[in-house]
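What follows is one structure encoded as structure tokens, with my remarks underneath.
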Amino acid sequence: MEEFEIDPQDLLLENALRVVFKAAEMLDAEELTTSGLKDLSGALRDATEVILSIESACGCGHDHDEEEEQA
């Protein structure tokens, strides 16, 4: 049996992207209450923070901030 290692950052990124896609579905449904919109906003903020922290910890050798400025 082949052993494999699960990268915790991959799991965090996958969960953050699930939040984003779920948020899009909820916004398309247009059935959000004020409370639901507040919860959705918080979840998107948390997902954004996860993605930014993964990007800042990226060991790929690229300067992501510089790439964004050039785009």
Side-chain angles (χ1 to χ4, degrees):
M1 180 177 205
E2 184 179 338
E3 290 186 31
F4 62 93
E5 188 174 317
I6 297 174
D7 184 355
Q9 285 188 343
D10 286 345
L11 291 176
L12 286 171
L13 182 57
E14 183 178 333
N15 285 336
L17 291 175
R18 286 181 188 203
V19 168
V20 171
F21 287 120
K22 184 63 178 174
E25 289 176 359
M26 292 174 73
L27 289 170
D28 281 345
E30 298 179 8
E31 296 176 5
L32 286 175
T33 63
T34 304
S35 176
L37 190 56
K38 183 179 177 182
D39 292 343
L40 187 59
S41 174
L44 286 171
R45 183 189 64 240
D46 293 346
T48 301
E49 288 177 7
V50 166
I51 292 170
L52 291 175
S53 69
I54 289 172
E55 184 177 284
S56 69
C58 178
C60 68
H62 292 105
D63 185 359
H64 294 284
D65 292 335
E66 185 177 301
E67 289 174 5
E68 288 176 7
E69 290 173 7
Q70 292 176 357

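All heavy atoms count here, side chains included; hydrogens, waters and symmetry mates do not.
Side-chain atoms of L40 and L27, non-hydrogen and from C-beta on, do get closer than 4.5 Å to each other. With contacts defined as side-chain heavy-atom distances shorter than 4.5 Å, the pair V50/L13 does not qualify.
Residue L12 is grouped with residue F21 when hydrophobic side chains (ILVMFWY) are merged at heavy-atom distances under 4.5 angstrom, including chains of intermediate members. Cluster annotation: L44 is connected to L32 through the hydrophobic network of ILVMFWY side chains, with a link wherever side-chain heavy atoms come within less than 4.5 Å.
To the nearest 0.5 Å, atoms CG (D7) and CD1 (I54) are separated by 8.5 Å. Separating the CG atom in D10 from the CG atom in N15 is a distance of 11.0 Å, to the nearest 0.5 Å.
Between the side chain of S41 and the backbone N or O of L37 there is no donor-acceptor pair closer than 3.5 Å.
Pairing each heavy atom of A43 with each of V19, the nearest pair is O-CG1, 3.6 Å.
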